[in-house]
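Report on the structure given below.
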Amino acid sequence: MIIIGSDHAGYDLKEFLKKNLERINMPYVDCGCDGSSVDYPDIAESVCRKVLKDPDTNKGVIICGTGIGVSITANKIKGVRAALCADYYSAKYTRMHNNSNVICLGGRTLGEGCAWEMLDIWLKTEFIGGRHNARVDKITAIESKECIENEQ
Ligand code: RB5
């Protein structure tokens, strides 16, 4: 399932991407906003928590003005590998190499067509594993170490 959310600055792009997901019969859950002003960390957290309920099949899409605020927030959550994308190559290779489970987009920085092409390729591309497994495992190990150190 696709979990999508935005703040007010990403609202128009969220609505555009939802229409495209509907066109290709891709189901999604919309975590808001409804266009009114909200704080991007709240939306980012809400999308990521839902993604992690079924991490093997769910993927998240989060949009704010630049995509930066939501990506910073998302990457604080254990188990999230959020990729801020502004080009097609990055959108494709962050799935292949990083196994990203959340894509972050800028509603005020991207054209609609460009944003949709990036989301489309990101959704269609699989993680290739191999040598990249060990690298992603290292990210997870750092994340776990950080959690333990923060508790001390
Ligand atoms: C909201 O004005 C804006 O700060 C937010 O959408 C985002 O760009 C933050 O990174």
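First listed ligand is number 1; within each ligand, the first listed atom is number 1. Positions are given from 1, in the same order as the sequence printed here.
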Considering non-hydrogen atoms of the protein only, which is the closest contact for atom 4 (O) of ligand 1, and what is the distance? Tyr40 CE2, 4.4 Å
Please report whether ligand 1 has a polar contact with Ile68, defined as an N or O pair separated by less than 3.5 Å (distance criterion only). no
Of all the atoms in ligand 1, which lie at a distance below 4.0 Å from a heavy atom belonging to Asp7? 1 (C), 5 (C), 6 (O)
Using a 6.0 Å cut-off, check whether atom NZ of Lys76 has over 12 heavy atoms from anything other than its own residue. no
I need the contact type for Thr66 against ligand 1. Using non-hydrogen atoms and a strict under-4.0 Å cut-off, is it side chain, backbone, both or neither? both
Could you state whether Met26 and Trp122 fall into the same hydrophobic cluster, counting links through intermediate Ile, Leu, Val, Met, Phe, Trp or Tyr residues with side-chain heavy atoms under 4.5 angstrom apart? yes
Atoms of ligand 1 under 4.0 Å from any heavy atom of His8, numbered from 1 in the order shown, are 1 (C), 2 (O)
Search all heavy atoms of Asn101 against all heavy atoms of Val51 and return the closest pair with its distance. O-CG1, 4.2 Å
Note: ligand 1 atoms sitting under 4.0 Å from heavy atoms of Arg108 are 2 (O)
Write out the residue and atom name of the closest protein heavy atom to atom 10 (O) of ligand 1, then the distance separating them to 0.1 Å. Gly69 N, 3.0 Å
If you measure only the distance, is there a donor-acceptor pair under 3.5 Å linking the side chains of Asp137 and Thr140? no
Going by an N to O cut-off under 4.0 Å, is there a salt bridge joining Lys18 and Glu15? yes
Using a 4.0 Å cutoff against the non-hydrogen atoms of Ala9, which atoms of ligand 1 qualify? 6 (O)
Just heavy atoms, cut-off under 4.0 Å: does Cys64 contact ligand 1 by side chain, backbone, both, or neither? both
Taking atom types as modelled, find out whether Lys59 and Ser100 have a side-chain donor-acceptor pair closer than 3.5 angstrom. no
Any atoms of ligand 1 less than 4.0 Å from a non-hydrogen atom of Gly65? List them with their elements. 5 (C), 6 (O), 7 (C), 8 (O)
Under 30°, 30 to 60°, or over 60°: which ring-plane class applies to Tyr93 and His97, parallel, tilted or perpendicular? perpendicular
